[in-house]
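Reading through the structure tokens given below for one structure.
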Amino acid sequence: MRIATWNVNSLKARMDRVLDWLERAQPDVLLMQETKLGDDDAPLLPFRMRGYEMVHHGEGRWNGVAIASRLPIDASSVVTNFGDGPVRDSGPGSATNVSEEDFNPFDEARMLSAVVADIRIVTLYAPNGRAVGSPFYTGKLAWFDRLERWLRDNASATDALVVGGDMNIAPTDADVWDAAKVHGGTHVSADERAAFAELLSWGLVDGYRSIRPESGRFTWWDYRAGNFHKNYGMRIDHLLLSPPVADRLVWAEIDREARKGVPIPSDHAPLFVDLDERGTEVDAGWEGALQRIAARTRR
DNA sequence: ATGGTGGCCCGGCCA
């Protein structure tokens, strides 16, 4: 079973790239972020024609998250915005921006979850934060607090769980091209990294890092200044796996090819994990599962 | 050191 995540930076603008990638990479489940669509504009039919159901949670002009799956999505399991109610409409004709004082990441379409193949999938688009210490940064940290509370209240690390997406956090200095150059900025601050570490201490495993120890592997590169070609990037997109899922992990990869070419693709590359075909029931072998994961993880 | 690019939709915001 292949589970992927990709910040597509406008699903409308990237439709051809995304559909081509589905054909090439054959993910069973694709978590998407920054679709920049309202739900009424979600392109359900083109995905359906390729065998993928899609659930979408959007607001119009910005943000927007989705799950596409060629395994059945349990419609009764869908959760949006941490179950906290509707998000704002940022589509045409609506207010186009909010002041710092009015910024509230919970007004925005950043969280969608559904159960697929007995695994609870969570697709996340974390706030960017803009500048350390700004209200947007404070809101980012509050948003991670809400995520952690939602996990505590609605899930257990003994559940089969994949929490993925554009987290906008590079967990360690090995996840950025130059720690000195990014020091002081968002994505790498101590508080953001603590929020990420909190997810791991709750019980989630960083799927990619758990089996890929090398530095210099990124999921995002700024469009500007030829950063992609210089590999000036950050590993800010993640697939965090609860132990029953992590125990099935056989491979993880970032498809850098998808960041290349014309017309220009998203500034993020897709990340995927491959799981073996065992089920996710590990009750009988829980300790063994944890030991296998620990033995495999090299940090 | 600054500014570089690309999405939204058409002036400026957001990443």
Side-chain angles (χ1 to χ4, degrees), chain A residues 5-18 21 32-43 56-66 87-111 123-141 143-144 165-170 175-178 180-189 192 218-238 258-271:
Chain A
T5 184
W6 198 2
N7 177 324
V8 297
N9 187 17
S10 170
L11 185 52
K12 187 196 292 185
R14 299 318 163 199
M15 267 303 278
D16 289 347
R17 300 287 303 221
V18 172
W21 195 78
M32 285 175 277
Q33 303 84 34
E34 281 206 89
T35 63
K36 299 186 177 180
L37 295 173
D39 291 340
D40 291 345
D41 295 323
H56 184 271
H57 173 54
E59 59 177 75
R61 186 177 184 182
W62 287 318
N63 309 307
V65 284
V87 296
R88 69 151 188 256
D89 174 10
S90 69
S94 65
T96 54
N97 68 323
V98 295
S99 64
E100 286 196 1
E101 299 75 40
D102 293 335
F103 173 71
N104 178 353
F106 308 108
D107 288 344
E108 301 178 333
R110 297 183 175 278
M111 182 271 183
T123 176
L124 300 170
Y125 175 46
N128 174 281
R130 302 194 195 180
V132 173
S134 71
F136 303 102
Y137 175 82
T138 307
K140 179 180 190 174
L141 297 176
W143 186 88
F144 274 97
D166 178 359
M167 310 264 186
N168 271 320
I169 297 174
D175 301 311
V176 300
W177 82 95
D178 185 327
K181 281 204 168 55
V182 299
H183 181 75
T186 57
H187 299 59
V188 299
S189 73
E192 290 163 280
F218 308 128
T219 63
W220 168 84
W221 303 258
D222 197 301
Y223 282 123
R224 296 170 287 189
N227 278 9
F228 176 68
H229 300 286
K230 294 183 281 194
N231 199 31
Y232 289 1
M234 293 190 183
R235 193 175 71 91
I236 57 176
D237 299 84
H238 305 288
R259 180 63 174 74
K260 300 178 181 176
V262 178
I264 195 155
S266 170
D267 46 353
H268 295 249
L271 160 72

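Naming convention: chains lettered A, B, ... in sequence-line order (proteins, then strands); numbering from 1 in each chain.
By the side-chain contact (heavy atoms from CB on, under 4.5 Å) test, A/Val132 is found to be paired with A/Tyr137, A/Thr186, A/Ser189, residues two or more places apart in sequence or in another chain being considered. Not counting sequence neighbours, the partners of A/His238 by the ring-ring contact (aromatic ring centres under 6.0 Å, His included) test are A/Phe196. With sequence neighbours excluded, no residue forms a side-chain hydrogen bond (donor to acceptor under 3.5 Å, both in side chains) with A/Lys12. Under the side-chain hydrogen bond (donor to acceptor under 3.5 Å, both in side chains) criterion, A/Asp107 pairs with no residue at all, not counting sequence neighbours. Residues satisfying the side-chain contact (heavy atoms from CB on, under 4.5 Å) test with A/Ala13, not counting sequence neighbours, are A/Ser10.
Rounded to a whole angstrom, the distance from the C1' atom of B/dC13 to that of B/dC9 is 11 Å. Taking atom C1' in both B/dG7 and B/dT2, one finds a spacing of 23 Å when rounded to whole Å. For B/dC14 and B/dC10, the P atoms lie 15 Å apart once the distance is rounded to whole Å. Taking atom C1' on both nucleotides, B/dG4 is separated from B/dA15 by 14 Å, rounded to a whole Å. When the C1' atom is used for both B/dG11 and B/dG6, the distance is 16 Å, rounded to whole Å.
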Set out, line by line, the N/O atom pairs under 3.5 Å between protein and nucleotides 7-9 of chain B.
| from | atom 1 | to | atom 2 | distance (Å) |
| --- | --- | --- | --- | --- |
| B/dG7 | OP1 | A/Arg14 | NH1 | 3.3 |
| B/dG7 | O3' | A/Ser10 | OG | 3.4 |
| B/dC8 | OP1 | A/Ser10 | OG | 2.9 |
| B/dC8 | O2 | A/Arg61 | NH2 | 2.8 |

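Rounded to an integer number of Å, the gap from A/Arg130 CZ to B/dC14 C1' is 6 Å. Put simply, NZ on A/Lys181 is 14 Å from P on B/dT2, counting in whole angstrom units. A straight line from NZ of A/Lys140 to C1' of B/dC14 spans 14 Å, rounded to a whole angstrom. Rounded to an integer number of Å, the gap from CZ of A/Arg110 to C1' of B/dC14 is 10 Å. Distance A/Lys230 NZ to B/dT5 P: 12 Å, rounded to the nearest Å. Atom-to-atom, CD of A/Glu59 to C1' of B/dC13 comes out at 14 Å; the value is rounded to the nearest Å. Going from atom NE2 of A/His229 over to atom P of B/dG4 covers 17 Å, rounded to whole Å. Following rounding to the nearest Å, A/Tyr232 (OH) and B/dG4 (P) show an atom-to-atom distance of 18 Å.
For A/Asn7 and A/Asn227, each mapped to the nucleotide of DNA chain B holding its nearest heavy atom, the one lying further toward the 5' end belongs to A/Asn227. Heavy-atom nearest nucleotides on DNA chain B were determined for A/Asp222 and for A/Asp267, and the one closer to the 5' end corresponds to A/Asp222.
Taking 4.5 Å as the limit, some side-chain heavy atom of A/Lys140 sits within range of a side-chain heavy atom of A/Asn168.
A side-chain donor-acceptor contact under 3.5 Å links A/Ser266 to the backbone of A/Asn7.
For B/dG6, neither phosphate oxygen OP1 nor OP2 lies less than 4.0 angstrom from any side-chain nitrogen or oxygen of A/Arg224.
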